Structure formats: C-alpha cells, structure tokens
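Taking it in order: structure first as structure tokens, then the write-up.
Whatever order the structure lists ligands and atoms in, that order sets their numbers, starting from 1. Throughout, numbering of the chain's residues begins at 1 and tracks the sequence. Predicted model, so just to flag it, every value in this text is computed and none were measured.
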Amino acid sequence: MSNDILVRHARDAALAAYAPYSRFSVGCAVESVDGEIAKGSNMENACYRLGVCAELAALTAAKQAFGLEKIARIAVAGGHVGSDGVLAGESVVTSCGGCRQAILEAAHVSGRDLEVISANGGGTIVTVHPISELLPLGFGPANLTDSA
Ligand code: THU
C-alpha cells in the first residue's frame with residue numbers, strides 16, 4: 001500500500017473523531033504485514049485529561065483485528081473537518097510523546113522498527129520516520145530486566 005493510501009485511511013479515520021473541546025480531529029491508520037487496516041481517532045472528554053489519542057485507539061483496534069505482532073506501518077493525520085466534510089489543515093501532526101511510547105511497545109512486539117507516516121490535515125505534506133528516530137533512547141521491555 002502506498003504512503004498516500006495509508007494517509008488517506010488516516011484522514012478518513014479523523015472524520016470519526018470526537019473532539020468537541022480542541023476541535024482538532026486526528027486519525028490514525030495501522031497497516032498489517034498482510035495489508036489489513038485498523039483505524040482509530042481521538043476521543044475527548046469533559047474531564048479533559050481523560051481524552052484518548054488517535055494512535056492509542058488505532059493500536060487497540062489493531063490488537064483486536066490482527067495483533068500487535070503483525071503491525072507493519074502507521075499513518076497519522078490531523079486538522080479540522082471542513083464544511084465539505086473533508087479533513088483539512090496545513091501543519092503536519094507528529095505523534096505526542098505518550099503515543100510514541102505506545103508505538104515503541106508495538107515495535108518491540110512486532111520486531112520491526114515501525115515506520116510512522118505523519119501528515120497534515122489536507123494530506124499534502126507527509127513525513128516518514130522510524131519510531132527509533134521519533135523516540136530515541138526510549139524506555140522499553142529491555143529496561144525492565146532488573147525487575148524482581
Ligand atoms: N492528539 C492525538 O490524537 N494524537 C497525537 O499524537 C497528538 C494529539 C489529539 C489529542 C486531543 O484530542 C487533540 O489531538 C488536541 O491535542
């Protein structure tokens with residue numbers, strides 16, 4: 001699947017966001033090694049700190065659909081939904097630190113340095129980075145070797 005198509009899935013997922021407080025809709029599409037897609041979008045809450053990011057929602061959906069071990073690539077896009085019902089926006093959405101940590105965990109399970117494709121709302125600007133670049137020196141399962 002091309003980067004453009006995966007980004008399209010992420011932009012489509014953003015249309016299902018529940019983001020009445022930030023009014024910033026984020027979508028995430030997770031692709032499996034077999035080409036399956038799992039999607040998620042951000043879901044906010046009146047108790048602001050309880051909001052869930054699109055990446056976490058999509059990783060949970062991916063776990064249900066095909067398992068973390070089959071994750072191949074991840075695309076994220078965010079912006080606002082225009083009056084035409086299409087996601088728009090100029091700035092590229094790069095995953096927050098917490099989502100990078102969750103992607104690192106999926107990378108560990110899959111055994112792959114997962115590629116994260118980040119796009120602006122309009123899908124016109126796309127950047128691609130492996131999770132090892134987005135979260136260098138991240139805390140992973142290997143850091144727990146000294147637990148009791
Ligand atoms: N958001 C995500 O869904 N993913 C990110 O990586 C960054 C931020 C959401 C959280 C909140 O609902 C909105 O974007 C504004 O921060």
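- Heavy atoms from other residues, nucleotides or ligands lying under 6.0 Å from CG of Asp146 number 12 at most.
- For ligand 1 and Ser22, the ligand atoms under 4.0 Å from any heavy atom of the residue are 13 (C), 15 (C).
- Among all heavy-atom pairs drawn from Arg112 and Ala72, the shortest one is NE-CA, 4.1 Å.
- Heavy atoms from both the backbone and the side chain of Cys53 come within less than 4.0 Å of ligand 1.
- For the residue pair Ile71 and Ala62, the shortest heavy atom distance occurs at CD1-CB, 4.2 Å.
- Within the structure, the closest approach of Ser95 to ligand 1 falls below 4.0 Å when heavy atoms are considered.
- The nearest protein heavy atom to atom 4 (N) of ligand 1 is closer than 4.0 Å.
- More than 12 heavy atoms of other shown residues, nucleotides or ligands fall within 6.0 angstrom of atom CG in Leu144.
- Close approach to Phe24 involves these atoms of ligand 1, each under 4.0 Å from a residue heavy atom: 14 (O).
- Distances from atom 11 (C) of ligand 1 to the heavy atoms of Arg23, Met43, Glu44 put Glu44 nearest.
- Listed here is the closest heavy atom pair of Ala10 and Ala77: CB-N, 4.1 Å.
- Comparing Cys96, Ala54, Pro20 against atom 7 (C) of ligand 1, the shortest heavy-atom distance belongs to Cys96.
- The minimum heavy-atom distance linking His108 with Pro141 is given by the pair CD2-CG, 3.4 Å.
- At under 3.5 Å, a nitrogen or oxygen of Glu55, whether backbone or side chain, sits near a nitrogen or oxygen of ligand 1.
- Ile103 and Leu114 make their closest contact through O-CD1, 4.0 Å (heavy atoms, listed as atom of the first residue, atom of the second, distance).
- Considering only non-hydrogen protein atoms, atom 9 (C) of ligand 1 sits nearest to Asn42 ND2, 3.6 Å.
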